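Source: prediction; values computed, not measured.
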Amino acid sequence: MKSEPLKSDQMTQYHREWNAVMADNDDFFQQFGALDDKVYEEGAIDKKHKELMGLAISVTTKCNECILYHLKGCLKAGANKSAIIEAIKIGVIAGGSITYPNARFAFEMLQELEVIQAG
């Protein structure tokens with residue numbers, strides 16, 4: 001049985017709202033968010049490749065919220081469909097078959113973001 005499709009905009013809004021609540025309640029979360037932003041800035045490694053790495057790591061660590069965050073980052077940074085799918089495959093290879101549900105989630109989000117079409 002297929003569950004109701006997840007909505008990327010709803011997940012993104014949830015991410016933003018709760019990150020703000022956490023940051024408002026403890027400086028650690030604001031500082032961690034700033035560090036994360038700094039690490040993913042353009043640098044010796046360009047933003048597109050950093051986002052692709054973040055996507056692969058997110059698949060490996062089985063974090064669906066992170067997968068969506070980095071999928072959107074990849075697209076914004078100009079990564080194409082082939083590069084995104086390769087990053088997902090790297091995450092699956094690193095994490096093993098247990099990461100297949102997260103790869104499915106990534107492909108579901110790619111479909112919702114109109115990067116791919118379902119077969």
Side-chain angles (χ1 to χ4, degrees):
M1 174 193 312
K2 186 173 186 318
S3 61
E4 285 295 312
L6 298 170
K7 301 295 180 204
S8 65
D9 291 341
Q10 291 171 329
M11 288 184 72
T12 299
Q13 185 62 28
Y14 173 86
H15 176 100
R16 282 188 190 127
E17 286 177 11
W18 284 100
N19 278 0
V21 169
M22 291 164 53
D24 288 347
N25 282 279
D26 194 297
D27 286 346
F28 168 83
F29 297 104
Q30 185 278 327
Q31 293 166 357
F32 186 87
L35 177 61
D36 186 68
D37 290 344
K38 179 90 174 136
V39 167
Y40 279 93
E41 287 177 354
E42 203 64 41
I45 300 172
D46 63 68
K47 184 151 180 62
K48 177 174 75 173
H49 289 95
K50 288 180 179 185
E51 290 294 347
L52 289 165
M53 286 190 281
L55 176 58
I57 292 165
S58 298
V59 171
T60 300
T61 59
K62 301 176 283 202
C63 178
N64 285 348
E65 188 177 319
C66 304
I67 289 169
L68 177 60
Y69 178 82
H70 288 293
L71 278 174
K72 287 183 172 186
C74 286
L75 293 169
K76 187 175 179 182
N80 64 29
K81 177 176 87 170
S82 297
I84 291 169
I85 291 173
E86 282 190 23
I88 294 168
K89 291 188 299 186
I90 289 168
V92 169
I93 288 297
S97 63
I98 195 166
T99 62
Y100 254 64
N102 307 94
R104 282 192 290 271
F105 173 81
F107 274 82
E108 184 177 358
M109 291 297 101
L110 284 172
Q111 181 183 1
E112 186 175 318
L113 295 169
E114 300 178 350
V115 175
I116 63 167
Q117 295 180 352

(request) Mark yes or no for whether N25, through its side chain, and V21, through its backbone, hold a donor-acceptor pair below 3.5 Å. (result) yes
(request) Answer with yes or no whether the hydrophobic clustering places I90 together with F107; edges join I, L, V, M, F, W, Y residues whose side-chain heavy atoms lie under 4.5 Å apart. (result) no
(request) Using a 4.5 Å cut-off on heavy atoms from C-beta on, say whether the side chain of V115 contacts that of M109. (result) no
(request) Applying side chain to side chain contact (heavy atoms under 4.5 Å, CB included), run through I45 and M53 and close with a yes or a no. (result) CA-CA 10 Å; I45 300 172; M53 286 190 281; 3.8 Å; yes
(request) Determine whether Y100 and L110 fall in the same hydrophobic cluster, where Ile, Leu, Val, Met, Phe, Trp and Tyr are linked whenever their side-chain heavy atoms lie under 4.5 Å apart. (result) yes
(request) Specify the closest pair of heavy atoms between N102 and K62, including all atoms of both residues, with the distance to one decimal. (result) OD1-CG, 3.3 Å
(message) Looking at Q117, I'd like to know if its CD atom is crowded, meaning that more than 12 non-hydrogen atoms belonging to other residues, nucleotides or ligands lie closer than 6.0 Å.
(response) no
(request) Calculate, to the nearest 0.5 Å, the distance between atoms NZ and SG belonging to K50 and C74 respectively. (result) 13.5 Å
(request) Please answer: with hydrophobic residues joined when any side-chain heavy atoms are less than 4.5 Å apart, are L55 and M11 in the same cluster? (result) yes
(request) Examine distances only and state if a side-chain atom of Q111 and a backbone atom of I116 form a donor-acceptor pair shorter than 3.5 Å. (result) no
(message) If I take atom SG from residue C63 and atom NE2 from residue H70, how far apart are they, to the nearest 0.5 angstrom?
(response) 8.0 Å
(message) Quick one, M22 and F28 - any side-chain contact, counting heavy atoms below 4.5 Å?
(response) no
(request) Measure the spacing between CZ of R104 and CD1 of I88 and express it to the nearest 0.5 Å. (result) 13.0 Å
(request) Decide yes or no for K89 and E86: does some side-chain heavy atom of the first lie under 4.5 Å from some side-chain heavy atom of the second? (result) yes
(message) Below 30° counts as parallel, above 60° as perpendicular, anything between as tilted: where do the rings of H15 and Y69 land?
(response) parallel
(request) List the atom of P101, the atom of I98, and the distance in Å for their closest heavy-atom pair. (result) CD-O, 3.2 Å
(message) How long is the straight-line distance from CG of L52 back to CG of L71, given to the nearest 0.5 Å?
(response) 9.5 Å
(message) Is it true that, when you exclude L35 itself, more than 12 heavy atoms of the residues, nucleotides or ligands shown sit nearer than 6.0 Å to its CG?
(response) yes
(request) Look only at the side chain of T60 and the backbone of G91, and say whether a donor-acceptor pair between them is shorter than 3.5 Å. (result) yes
(request) Could you tell me whether K38 and E41 have a side-chain N and a carboxylate O separated by less than 4.0 Å? (result) yes
(request) Could you tell me whether a side-chain N or O of E42 sits under 3.5 Å from a main-chain N or O of K47, the two making a donor and an acceptor? (result) yes
(message) If hydrophobic clusters are built by linking Ile, Leu, Val, Met, Phe, Trp and Tyr wherever their side-chain heavy atoms come under 4.5 Å apart, do L68 and L75 end up in the same one?
(response) yes
(request) Find the distance between CG (N19) and CZ (F29) and round it off to the nearest 0.5 Å. (result) 9.5 Å
(message) Do V92 and I84 land in one hydrophobic cluster if side-chain heavy atoms of ILVMFWY residues count as linked below 4.5 Å?
(response) yes
(request) Nearest 0.5 Å please: distance from the CG atom of L113 over to the CD atom of E108. (result) 10.5 Å
